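What follows is a short report on a single structure.
The model shown is predicted, which means the values in this text are computed figures rather than measured ones. Naming convention: chains lettered A, B, ... in sequence-line order (proteins, then strands); numbering from 1 in each chain.
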Number of protein chains: 2
Amino acid sequence: MTTRSGPRKRQPTVPLPALLTQVRDIAMGGLHQRLADEGFDGIRYVHGSVFRFIDDEGSRLTTLAERSGLTKQAISELVGELEDHGYVERIVDKADRRAKIIRLTDQGRLAQSAAARILADVERRWSRLLGKDDVAVLRRALEQVVALETADTPPTSATP
Amino acid sequence: MTTRSGPRKRQPTVPLPALLTQVRDIAMGGLHQRLADEGFDGIRYVHGSVFRFIDDEGSRLTTLAERSGLTKQAISELVGELEDHGYVERIVDKADRRAKIIRLTDQGRLAQSAAARILADVERRWSRLLGKDDVAVLRRALEQVVALETADTPPTSATP
DNA sequence: CACGGTAGTAAGGTTGCCTGACTGTCAGGG
DNA sequence: CCCTGACAGTCAGGCAACCTTACTACCGTG
């Protein structure tokens, strides 16, 4: 049975934050569904913080933490999981033996580009459904809000 | 120390889900900041699921759970917290003594309309910053995506 | 070469949910 | 009637995704 919503009173417009969350969940749901379909196993929403922020030559844990706005411990756990699934590897930095370079494996690179491709597909699909211009405006508007309203707020994780 | 992001390689465009999350967090942050400023104490993000879905005449726990997509237990805890802060009250339904009607107190109604007012302000502010039309398109696009992509997915919480 | 700073790890706590099991109440049929 | 299945809500316990505090190993500089 289909989640009866019952008769809503009040509530003329859906609050914007709720809309944003719903749309994000739709996009993320589609992304991870298709990643799983393509055989990329064990990738969870949160792992986006690694895939999104890692450099091609690899990055330090600390760097990933700074960029994602998470703590080193949080990132460390995510990296550990991705390592277990073979998407990244930790290699000791020979120039600074305190540090380890987190680097995508070949499989990791595949997953990363698959994710990018799928998200591009999602945007194209939406362009088809509601018009190319509207989706372009959507994206631009979101980017501008972030640019204008971010005095100095660290990014709140959020996966690709 | 302003969260040095370092030189990003790759990543031509910010992934859409990340943008959506960032914008939502900006809106929600502003909302709760201003609610706190206006003296509405103890309201947390998650409480939105109650304020958003409760009817003016009050609603049952089960109804709130269905509408929000959360479990009865989760909603129950949120309601308990709001009750502690005086925003809602649980009254036994005389027609069905299994049920309790969750109803906003006067203070709760104040908070609810303050939230609506503040969110409207946020949208107005963004209209000023990036053009009325763009924000209108933004909203419409989000609503359409939800409408078109939601076969039968229960709403994922998301606060007002 | 001592010492403050940085890279990463370890341990444990908090938040926001969930599942499963339970109590009390309702309503329809035997 | 009252019995039984369904429903409203609560209780207990668990898990995910974070966080803070505390530590060890290594770096570079004076």
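- Checking dG8(C), dC18(C), dG9(D) against the side-chain heavy atoms of Ala99(A) singles out dG8(C) as nearest.
- Residue Asp25(A) contributes atom CG, which lies 16 Å from atom P of dG16(C) at whole-angstrom precision.
- Phosphate proximity of dG8(C) to Ser76(A): absent, as no side-chain N or O sits under 4.0 Å from OP1 or OP2.
- When the C1' atoms of four end pairs are superposed on the next four at each end of the helix from dC1(C)-dG30(D) to dG30(C)-dC1(D), using five pairs per end, the two resulting axes differ in direction by 10°, to 10°.
- Taking atom CG of residue Leu64(A) and atom C1' of nucleotide dT6(C), one finds them 16 Å apart after rounding to whole Å.
- Between Leu16(A) and Leu142(B) the shortest side-chain heavy-atom distance falls below 4.5 Å.
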Protein-nucleic acid N or O pairs under 3.5 Å, nucleotides 25-29 of chain D:
residue	atom	partner	partner atom	Å
dC27(D)	OP1	Arg97(A)	N	3.1

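- In this structure, the nucleotide among dC18(C), dG16(C), dT21(D) sitting nearest to the side chain of Arg44(B) is dG16(C).
- A straight line from CD of Glu77(A) to C1' of dG12(C) spans 13 Å, rounded to a whole angstrom.
- The CG atom of Leu70(A) sits 14 Å away from the C1' atom of dT20(D) (whole-angstrom rounding).
- Note: CG (Leu61(A)) to P (dT24(D)) measures 19 Å, nearest angstrom.
- Asp133(A) pairs by the salt bridge (charged side-chain N to carboxylate O under 4.0 Å, His left out) definition with nothing, not counting sequence neighbours.
- Note: CG (Leu78(B)) to C1' (dC18(C)) measures 13 Å, nearest angstrom.
- Under the side chain to side chain donor-acceptor pair (under 3.5 Å) criterion, Glu89(B) pairs with Arg103(B), not counting sequence neighbours.
- For the pair Ile75(B) CD1 and dT10(D) C1', the computed distance is 15 Å after rounding to whole Å.
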Under 3.5 Å, which donor-acceptor pairs do the side chains of residues 70-78 of chain B form with other protein atoms, sequence neighbours left out?
residue	atom	partner	partner atom	Å
Thr71(B)	OG1	Ala74(B)	N	3.2

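- Between the NZ atom of Lys72(B) and the P atom of dC17(C) there is a distance of 18 Å, rounded to whole Å.
- Counting non-hydrogen atoms of other residues, nucleotides and ligands closer than 6.0 Å to CG of Asp106(B) gives a total of 12 or fewer.
- Between Thr62(A) and dG8(C) there is a side-chain polar atom (N or O) within less than 4.0 angstrom of OP1 or OP2.
- Taking Arg34(A) as the reference, Glu38(A), Arg117(A), Ile118(A), Asp121(A) meet the side-chain contact (heavy atoms from CB on, under 4.5 Å) condition, with sequence neighbours excluded.
- Val79(B) places a side-chain heavy atom less than 4.5 Å from the side chain of Arg90(B).
- For Gln73(B) against dG20(C), a side-chain-to-base donor-acceptor contact under 3.5 Å is present.
- Within a 6.0 Å radius of CG in Asp37(B), other residues, nucleotides and ligands contribute more than 12 heavy atoms.
- Here Asp55(B) does not pair with Arg60(B) in a salt bridge; the nearest charged N to carboxylate O distance is not below 4.0 Å.
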